[in-house]
S.K.: 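What follows is a structure written as structure tokens; I'll ask about it next.
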Amino acid sequence: MKTESLIEIAKPGQRISREFYTRDVLEVAPDLLGKVLVVKNNDQSYYRYSLTEVEAYRGTEDKACHASKGKTLRTSIMFEEGGHLYIYLIYGMYWMLNIVTGPIGEPQAVLIRGIGDICGPGKLTKKLGINKLFYGEDLVTSERIWLEDTGIKPGYKTGPRVGIEYAGAHWKSVPWRYFC
DNA sequence: TCAGTGATTAGG
DNA sequence: CTAATCACTGAG
């Protein structure tokens, strides 16, 4: 399936349940492509966008993962059950939207880099109005943000993750970015 | 290429 | 308390 059609089609679907998120992040990340992100707007309408680009961050051994330095106040949600949101501010301006994956005790998350025709993790959160108030929100039960499965499974490519120069040669090169 | 902008974190 | 860092973006 082409990216073009993903941009146009954000059809209604069924809300994704817990079991989807509690799998390993390397299984969940590619499966997220084509899923529909639904966010409640201020005026009670809803934003609906297909996910087009994501990145996986996996455990304490992954030097690019914020949990690699252990549990802190900010990263504590990554140690919880998959399906929660990990939100943080970067460069004093941009909120990053991440979906926690895996079982309790295994810190993993997927950074959402692109939705619909919006490319860039900082731009999409600005558009959706995502901020620290969404920290810890549960996609399985939330009334204001969730994911739907429309049955669409787009083809995708992989590549190295972006913006992690500090992580060392190995972690900088693993192909854990997935995009349509 | 490079500045903007502020929460988070480790360290004294 | 201080100071460095940072999963980005847009302007030149």
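For the numbers below, each heavy atom of this structure counts, side chains included, while hydrogens, waters and symmetry mates do not. Every chain is numbered from 1, with letters handed out A, B, ... down the list of sequences.
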S.K.: For A:Glu143, does the CD atom have more than 12 heavy-atom neighbours from other residues, nucleotides or ligands under 6.0 Å away?
M.R.: no

S.K.: At less than 4.0 Å, is any side-chain N or O atom of A:Tyr94 found next to OP1 or OP2 of B:dT5? Yes or no.
M.R.: no

S.K.: Given C:dC8, is OP1 or OP2 found less than 4.0 Å from the side-chain N or O atoms of A:Arg113?
M.R.: yes

S.K.: Counting side-chain heavy atoms from C-beta on, which of C:dA7, B:dT5, C:dC8 comes nearest to A:Met93?
M.R.: B:dT5

S.K.: Touch check for A:Ile164, heavy atoms < 4.0 angstrom, all strands: base, sugar-phosphate only, or nothing?
M.R.: sugar-phosphate

S.K.: Roughly how far, to the nearest 0.5 Å, is the CG atom of A:Leu37 from the CD1 atom of A:Ile16?
M.R.: 10.0 Å

S.K.: Which nucleotide wins on minimum distance to the side chain of A:Leu89, given the candidates B:dA7, C:dC6, B:dT5?
M.R.: B:dA7

S.K.: Is the shortest side-chain heavy-atom distance between A:Thr22 and A:Pro103 below 4.5 Å?
M.R.: no

S.K.: Measure from CG on A:Asn131 to C1' on B:dG6 and round the result to the nearest Å.
M.R.: 15 Å

S.K.: Taking the cut-offs as 6.0 angstrom to the six-membered ring centre and 45 degrees off its axis, would you call A:Arg177 and A:Phe179 a cation-pi pair?
M.R.: yes

S.K.: Once you round it to whole Å, what is the distance between P of C:dA4 and OH of A:Tyr166?
M.R.: 19 Å

S.K.: Could you state the atom-to-atom distance from OH of A:Tyr86 to P of C:dC6 in whole Å?
M.R.: 13 Å

S.K.: Between A:His66 and A:Tyr88, does the ring centre distance come in under 6.0 Å?
M.R.: yes

S.K.: Rounded off to whole Å, could you give me the CG-to-P distance for the A:Leu111 and C:dC6 pair?
M.R.: 16 Å

S.K.: Taking CZ from A:Arg161 and P from C:dA7, how many angstroms apart are they, rounded to a whole number?
M.R.: 11 Å

S.K.: Rounding to an integer number of Å, can you tell me how far A:Tyr88 OH sits from C:dT5 C1'?
M.R.: 12 Å

S.K.: For the pair made of CE in A:Met96 and P in B:dT8, what is the distance, rounded to whole Å?
M.R.: 14 Å

S.K.: Does any nucleotide pair with C:dA7 by Watson-Crick or G-U wobble geometry, both distances under 3.5 Å, and what is it?
M.R.: none

S.K.: If pairing requires Watson-Crick or G-U wobble contacts with both distances under 3.5 Å, which nucleotide is the partner of B:dT5?
M.R.: none

S.K.: Assign A:Lys123 to base, sugar-phosphate, or nothing according to its heavy-atom contacts below 4.0 angstrom with the strands shown.
M.R.: sugar-phosphate

S.K.: I want to check something: taking the side chain as every heavy atom from C-beta on, are A:Val38 and A:Arg144 in contact at a cut-off of under 4.5 Å?
M.R.: no

S.K.: To the nearest Å, how far apart are A:Glu165 CD and C:dT5 P?
M.R.: 15 Å

S.K.: Would you say that A:Tyr135 contacts A:Leu85 through its side chain, given a criterion of any heavy-atom pair below 4.5 Å between the two side chains?
M.R.: no

S.K.: Just to be sure I understand the geometry, which residues of residues 67-76 of chain A put a non-hydrogen atom under 4.0 Å away from DNA chain B?
M.R.: A:Thr72, A:Arg74

S.K.: Under 5.5 Å between ring centres and under 30° between planes: true for A:Tyr91 and the base of B:dG6?
M.R.: no

